[in-house]
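Single-structure report; data block below.
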There are 2 protein chains.
Amino acid sequence: MIVFTDETCPMRVACRAIEGKWKLPILYVLCENGTLRYNELKKALGITNVMLSNTLKEMEQEGLVARVQYNEIPPRVEYSLTEVSGALLPIVQAFCAWGETLLSLEETD
Amino acid sequence: MIVFTDETCPMRVACRAIEGKWKLPILYVLCENGTLRYNELKKALGITNVMLSNTLKEMEQEGLVARVQYNEIPPRVEYSLTEVSGALLPIVQAFCAWGETLLSLEETD
DNA sequence: CAGAATCCGCGTCGATACTG
DNA sequence: CAGTATCGACGCGGATTCTG
């Protein structure tokens, strides 16, 4: 029987990579909109500074987002997908499509 | 710009459906193994009674798992995917494949 | 076997204010 | 503009025990 408890269970590894409330949403808006600035992410997500900056920092370390900082005034920092997270694009889109069917199911009851 | 804050954002709807620590893992083991009994789920996941029974109850109400109870002694209850959650199968598998690539990346560093 | 009940720590998450 | 600092609440999630 396939189990989730194995350290090498791929689903376990994948789940750990996107755990938390905001990682998937962040990947989503980056998928849909491409490169975004910090405040654009914030608006698109409806997230607080604490959660956004912490989550982005984690994701950067895990290689899920790329951060580019321009030394201008006012500051400009842009976030985008990486090679690793870019591979999630079809999955994100399929997952989204599934969300649409859920939505249409809700309407009919 | 595509935003996550809209109530009708499909990603938002989809995320809400699988939120929490255990819903995706449960769907995964049901995808991989087919119908499972309560204790089989428990073993495959490494989850406590509280979390398993609560999460299953939620998922049943949301239409993500089907519960069939046989009135035998000792009791037997079997859980399986539904039409709605069955649609997630390709996504779960793709997500798993992504987990494999993560795993292979970990090995090489 | 398939849960329900209870108790509780700790991490998640958010609001608010502040800074280079 | 792009964050950091601090504080606090809430509830997720777990250990243990018990039941039909």
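Residue numbers begin at 1 in each chain, while the letters A, B, ... track the order of the sequences.
The environment of CD in A/Glu106 is crowded: more than 12 heavy-atom neighbours from other residues, nucleotides or ligands sit within 6.0 Å. A 6.0 Å sphere centred on CD of B/Glu72 holds more than 12 heavy atoms belonging to other residues, nucleotides or ligands.
B/Leu56 places its CG atom 14 Å from the P atom of D/dG13, with the value rounded to the nearest Å. The separation between A/Asn49 atom CG and C/dT16 atom P is 13 Å, rounded to whole Å. A straight line from CD1 of B/Ile47 to C1' of D/dG13 spans 9 Å, rounded to a whole angstrom. The distance between atom NZ of A/Lys23 and atom P of C/dT12, rounded to the nearest whole Å, is 10 Å. Rounded to whole angstrom, the span from the CD atom of B/Glu40 across to the C1' atom of C/dA2 amounts to 12 Å. In this structure, the CG atom of B/Asn54 is 13 Å from the C1' atom of C/dT6, given to the nearest Å. Protein atom CG of B/Asn71 is 12 Å distant from nucleotide atom P of C/dG3, rounded to whole Å. Rounded to whole angstrom, the span from the CG atom of B/Leu45 across to the C1' atom of D/dG14 amounts to 15 Å.
With C/dC1, C/dG3, D/dA2 as the candidates, the nucleotide lying closest to the side chain of A/Asn39 is D/dA2.
Distances shown here put a side-chain N or O of A/Arg37 below 4.0 Å from the OP1 or OP2 atom of D/dA2. One finds a side-chain N or O of A/Lys57 lying less than 4.0 angstrom from the OP1 or OP2 phosphate oxygen of D/dT4. Under 4.0 angstrom from either OP1 or OP2 of C/dA15 there lies no side-chain N or O belonging to A/Thr48. Contact check, A/Arg67 against D/dG3: a side-chain N or O comes under 4.0 Å of OP1 or OP2.
Taking CD of A/Gln69 as the start and OH of A/Tyr38 as the end, the distance is 13.0 Å to the nearest 0.5 Å. The structure places CZ of A/Arg12 at 10.5 Å from CD of A/Glu19, a figure rounded to the nearest 0.5 Å.
Within 4.0 Å (heavy atoms only), B/Val77 reaches sugar-phosphate atoms of the nucleic acid but no base atom. B/Lys42 comes within contact range of no nucleotide atom at all, as no heavy-atom separation falls under 4.0 Å. Among the protein residues, A/Tyr79 comes within range of the sugar-phosphate backbone only, with heavy atoms under 4.0 Å from sugar or phosphate atoms but none that close to a base.
Along DNA chain C, the nucleotide closest to B/Val50 and the one closest to B/Arg76 are compared, and the more 5′ of them pairs with B/Arg76.
Using modelled atom types, one finds no donor on one side chain facing an acceptor on the other under 3.5 Å when comparing A/Ser104 with A/Thr101.
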